[in-house]
Amino acid sequence: MNDIKAADLPDGSVVANNKHAFIKTHPTRTAQWRGTNGGFFGDWYIDELFTEGKTTVVREGY
């Protein structure tokens with residue numbers, strides 16, 4: 001089980017999987033993450049990817 005929580009990562013953090021990267025930039029009020037696929041994602045989505053072991057932290061903060 002992974003102890004990393006998306007909400008705990010500072011702004012500017014980058015996480016990635018084999019298809020997309022996500023950067024924490026707060027593009028909207030309810031979505032903290034912007035994906036390279038053009039979508040906006042909440043912390044819950046990134047946490048889901050961590051739980052499934054499908055993503056890793058590439059950079060923490062700016």
Side-chain angles (χ1 to χ4, degrees):
M1 187 161 162
N2 201 322
D3 292 339
I4 298 171
K5 298 291 181 200
D8 295 337
L9 292 170
D11 286 352
S13 294
V14 177
V15 299
N17 60 26
N18 64 342
K19 294 182 181 182
H20 301 289
F22 305 88
I23 184 168
K24 191 171 188 178
T25 61
H26 297 274
T28 71
R29 276 191 297 153
T30 58
Q32 298 80 8
W33 298 84
R34 181 180 303 245
T36 55
N37 63 354
F40 305 129
F41 304 91
D43 284 332
W44 65 270
Y45 182 79
I46 304 302
D47 286 340
E48 210 171 85
L49 294 175
F50 283 142
T51 301
E52 295 170 0
K54 295 183 177 177
T55 195
T56 186
V57 176
V58 177
R59 180 180 74 199
E60 234 183 277
Y62 287 106

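Computation of the quantities below employed the complete heavy-atom set of this structure, encompassing side-chain atoms and omitting hydrogens, waters and symmetry-equivalent molecules.
At a threshold of 4.5 Å between non-hydrogen side-chain atoms, the residues D3 and F50 do not count as touching.
Among residues at least two apart or in separate chains, salt bridge (charged side-chain N to carboxylate O under 4.0 Å, His left out) pairs with a member in residues 51-62 are E52-K54. Among pairs with a residue in residues 36-50, those fulfilling side-chain hydrogen bond (donor to acceptor under 3.5 Å, both in side chains) read W33-D43, at least two apart in sequence or across chains.
Neither V58 nor F41 shares a network with the other; the hydrophobic side chains, linked directly or stepwise wherever heavy atoms of I, L, V, M, F, W or Y lie under 4.5 Å apart, form separate groups for each.
Here F40 is tied to no hydrophobic group at all, with no ILVMFWY side chain closer than 4.5 Å.
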Enumerate donor-acceptor pairs with a distance under 3.5 Å from any side-chain N or O in residues 14-24 to protein atoms, sequence neighbours excluded.
{"unit_1": "N17", "atom_1": "OD1", "unit_2": "K19", "atom_2": "N", "d": "2.8"}
{"unit_1": "N17", "atom_1": "OD1", "unit_2": "H20", "atom_2": "N", "d": "2.7"}
{"unit_1": "K24", "atom_1": "NZ", "unit_2": "A6", "atom_2": "O", "d": "3.0"}
{"unit_1": "K24", "atom_1": "NZ", "unit_2": "A7", "atom_2": "O", "d": "3.4"}
{"unit_1": "K24", "atom_1": "NZ", "unit_2": "L9", "atom_2": "O", "d": "2.6"}

